[in-house]
J.: 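Quick one: structure below, then a few questions.
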Amino acid sequence: MDLLISLIINGLATGMLIFLLAAGLTLIFGLMDVLNFSHGGLFVWGAYTGVFTYIITESFIVGIMVAILTGMVLGFLMEKLIITPVYGNHVQQILITLGFMLVLQEMIKVVFGPNAIPVKVPDYLAGSWEMGEVIIIKYRIFIIVVGFIVFGVFHYILTHTKIGLIVRAGVMNKEMVQALGINIKKVFLFVFMTGAALAAIGGMLMAPYSGSIYAEMGMEFAILGFIVVVIGGMGSFSGSLLAAILVGLAGSFMAYYIPFLSLAVNMILMAIVLIFRPQGLFRMAKE
Amino acid sequence: MMESLLKLHNIQTHIGQFHILQGIQFEARVGEVSVLLGRNGAGKTTTLKTIMGLTPASSGSITFLNEEISKKPTYEIANTGIGYVPEDQGIFAQLTVEENIKVAMRKETSEAFERQEYVLTLFPDLKKFWKKAGGNLSGGQKQMLAMARAFVNDSKLLLIDEPSKGLAPIVVEKVMEAIMEMKKRTTIVLVEQNFFMASRIGDTFTLIDDGRTVHTGAMNELISDDAMKHKYLGIG
Amino acid sequence: MKTSNLVSKYHVLFLIILLFLIAFPFVADSRTLTILFTQIFIFSILAMSYDILLGYTGIVSFGHAMFFGIGAYATAILLNTFEPTIGVFIGSIAVGIVLSGFVSFLVGLLTLRLKSHFFAMLTLAISGLLLVVAEKWRTVTKGNDGFTFRAPDIFKDRIVFYFCVLACLVIVFLILRRFVQSPLGRLLIAVRENEQRTRSLGFKTLHYKVIASVVAGVIASLAGSLYAVSLRFVNTSVMAMDITLDALLMTIIGGVGTLVGPIVGSVVIEFAQHYLSGLARDFPIFERWIIFFGIIYILAVIFFPKGIVGSILQALSKWKSKHEDRKIFALEKDKEHSP
């Protein structure tokens, strides 16, 4: 029982981190038909800038703020410099965003050095609760809570505000949104920067969870993010949460019971979804 | 003669390598219903899309309110005061009727809500299904929603693409009445295959064949010209 | 007449380059350069195989390294297990090719029906998976530490190996050129230009895409086998993303869809890499040479999508048509003046 609970908590926490990365990815894809292979770069840049600030100021909160800021600035630059010039050309898009991913990853090594950097959990989130046999690590609960709050806030924005309405309408039919007098490019920039900020938060939260950060973690998590986007259905925000939890749980259980299969299981899941249900598990077919 | 609102001059449009429009011209005057007629594939729908900037013209001019709009992006064209009802209605399937209208409403002013109320009296069905997802509406209701959406903004011109397509005759009647009603408050350019409907609500007509304007004039002329109807529309 | 004239001009150019490359190891007595050239030939083979996918069929694969890796491991493991003879070496190439052919067939069949995004993503994932397998399956691969092995004695002489690789390059080039000029190759180009239309003409585009992916996979495996022997060492880096990126970079910078382009690209990239890593001793920033390549690559995709060879060809044909125009113009003028 205690094992079960800790595996579930583990899986949920990892799932939330992937969700933060995948949420932006899925909305950007749904809205503009752009699959951003450099999204993982935002994750890792968020982590590094946030952690550095955290180390210098000794404030985790300020670190998160800086990570968000980094995400938005990088998101802005990325959209303007990398995405816009090749908009509508899939092959060029794939090539260029992957190239930018590499540049971002290598820049990390130039700016922050090539070695992994250890990160500690802030004092007030360190430690664990003991409930009988069960040990619950506080920081994991913190990640889960933050994940659900982010989901709640964005779900509210998407369903209850004008801009959210426009984003959802844009995912369904972007030509019509423009014909109604809305500048979809502005909407897209907004979504892109928001998605970038979410990925950056994900990276920052990831840092104390895994204990250290390194340049390649962006690409590693981005692959999980892609898997989640595929399983959840491209463009589906709620779908990406469910899929992220699924992937997180699958990873955590497999890592315990069949470690060899832990990465494979998600890949296989994605392959099956792509082959039999390409619109995603949690999404109705586009009308 | 009434004031000209929209004027197309020698419009050429390419889609990919295909030269779809090869010289479209016509004029829509304030308060009139101008009908674009022609066979399937003649270029009527592309003409509307070109006005909206969805398939931008490669040459020629489009003036609206004495302003050249052919080089503007779609959203700016819409904001100059043109409402668009596409052939497939372009309903946001997973948004409710209310949300569909809300997305369209650019400024939530009292005047806009007054227009919304007005349009809901024209289409009481929409009020009935206010919270229903757009994708679950019937064909006729979708058409009404699309028209309502174009109308809630203070549009000086409505472009409506084949509103009668695929609808039962009794629904067509309703849609037609609504267009007549809207005509009192705005100018309309209508693409219509249904000649009976076109002839009843149109003031002027423009015949399009193979991407070119071949004739334009008052609707009465066309109604009495059986030879032209036969040649270009295959009727009469 | 014009075209045959053109072709023979190119033939002469190729022959001159080939003669230069044959004479090179005897003239320039430089071990470093011989090794560098061998490396260039190997990566030219890999990049050409990538060009079949990217340039001719319009598919972006992020998993090409897996075939390179399969070839490298097949050769390394077999040479290590059995006697390091030429026979085993050739056999190991065959094993690598069969394995790669099978894997690329399977992967292609499963993934090529998907849209480009998904395909790129899935190939990235599958090759990532294979990399993990290679890392975890330590009894066979020795994981990330890798292992050294003995190459056939005859390859101890660098020059012999140089010629062996050069021969492979020429043969692969000729085969692939035949391939892309065959009706099948034309069909691949049609798929690249407009898959929908090709399909509506009654061609099963999936079949052709799978064929392209098998051809590319098999050739990449050959390059991997040669690579392993050139180092006499193998570790998991042969399956890493970097290999795919190298191939991608060489193809893009050299010029997609030209076959010659990837060769030019690999010359440029390998030389640049060689000199930049030399510079790194004095300027540490050059250790991160991939940043420079990344930036150049991004700029190339935006501003220079035809690459070096593509741009030269374009400029040539432009110049030629201008030239011809002028000739016609002159002729017409003559006519006007003649009474």
Side-chain angles (χ1 to χ4, degrees), chain A residues 26-27 29-33 80 84-85 87-90 154-191 232-240 242 279-280 282-287, chain B residues 16 48-56 69 72-108 112 133-137 142 145-146 148-155 157-161:
Chain A
T26 200
L27 282 180
F29 185 88
L31 194 60
M32 295 314 261
D33 207 19
K80 289 282 172 204
T84 314
Y87 179 60
N89 183 332
H90 283 170
F154 278 86
H155 189 75
Y156 181 85
I157 292 175
L158 279 174
T159 51
H160 286 83
T161 65
K162 181 82 187 256
I163 178 77
L165 215 52
I166 291 173
V167 171
R168 283 200 295 150
V171 170
M172 291 170 218
N173 186 343
K174 64 175 171 261
E175 210 172 62
M176 196 60 221
V177 167
Q178 283 167 285
L180 290 174
I182 294 156
N183 185 354
I184 196 105
K185 280 187 188 156
K186 266 192 192 159
V187 179
F188 183 43
L189 183 60
F190 167 80
V191 170
M234 291 271 187
S236 164
F237 186 73
S238 316
S240 70
L242 292 175
Q279 74 272 31
F282 304 113
R283 191 179 186 201
M284 289 172 289
K286 219 174 185 175
E287 293 198 30
Chain B
L48 293 195
K49 284 191 167 179
T50 298
I51 298 172
M52 282 314 289
L54 292 167
T55 54
I69 59 166
K72 289 188 172 184
T74 298
Y75 76 95
E76 275 184 34
I77 294 172
N79 285 332
T80 53
I82 303 181
Y84 176 53
V85 181
E87 197 175 2
D88 64 0
Q89 293 122 22
I91 300 299
F92 305 118
Q94 286 152 49
L95 302 189
T96 63
V97 171
E98 180 188 15
E99 289 170 329
N100 264 283
I101 291 179
K102 205 170 165 190
V103 169
M105 201 183 280
R106 281 195 285 277
K107 287 195 192 95
E108 299 189 6
N136 298 336
L137 297 176
K142 278 185 188 162
L145 176 55
R149 214 170 47 177
F151 192 77
V152 286
N153 292 304
D154 186 18
S155 298
L157 175 69
L158 289 185
L159 309 177
I160 307 179
D161 199 348

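Since the model is a prediction, treat every value here as computed from it, not as a measurement.
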J.: Got A:Arg168 and B:Gln94 here, is their nearest side-chain heavy-atom distance under 4.5 Å?
T.: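 They are not in contact (no side-chain heavy atoms under 4.5 Å apart), so the answer is no.
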J.: A:Asn183 and B:Tyr75: which non-hydrogen atoms are nearest, and at how many Å?
T.: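 Scanning both residues completely, I find the closest heavy atoms to be ND2-OH, 3.0 Å.
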J.: Determine the minimum heavy-atom distance between B:Ala78 and A:Leu180, stating which atoms define it.
T.: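 Nearest pair, atom of B:Ala78 first, then A:Leu180: CB-C, 4.0 Å.
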J.: Which heavy atom of B:Leu54 sits nearest a heavy atom of A:Glu175, and at what distance?
T.: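 Closest approach of B:Leu54 to A:Glu175, heavy atoms only: CD2-CG, 3.2 Å.
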J.: Quick one: CD on B:Glu98 to CG on A:Leu165, what's the gap to the nearest 0.5 Å?
T.: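 Between B:Glu98 CD and A:Leu165 CG, I get 9.0 Å after rounding to 0.5 Å.
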J.: Which atom pair, heavy atoms only, marks the closest approach of B:Arg106 to A:Lys162?
T.: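 Closest approach of B:Arg106 to A:Lys162: O-NZ, 4.3 Å.
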J.: Quick check: are there more than 12 heavy atoms from other residues, nucleotides or ligands sitting under 6.0 Å from NZ of A:Lys185?
T.: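 Counting neighbours around NZ of A:Lys185, 12 or fewer heavy atoms of other residues, nucleotides or ligands fall under 6.0 Å, so no.
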J.: Might you work through the side-chain contact (heavy atoms from CB on, under 4.5 Å) test for A:Val177 and B:Phe92, ending with a clear yes or no?
T.: CA-CA 9 Å; A:Val177 167; B:Phe92 305 118; 3.6 Å; yes
J.: Mind checking the CD1-CE spacing from B:Ile91 to A:Met176? Nearest 0.5 Å is all I need.
T.: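 B:Ile91 CD1 to A:Met176 CE: 7.5 Å, rounded to 0.5 Å.
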J.: Side-chain contact test, heavy atoms from C-beta onward, threshold under 4.5 Å: evaluate it for A:Ile182 versus B:Val103 and give yes or no.
T.: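 Yes, their side chains come closer than 4.5 Å.
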J.: With a 4.5 angstrom heavy-atom cut-off, is it the side chain or the backbone of B:Glu76 that approaches chain A, or both, or neither?
T.: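 The answer is neither part of B:Glu76.
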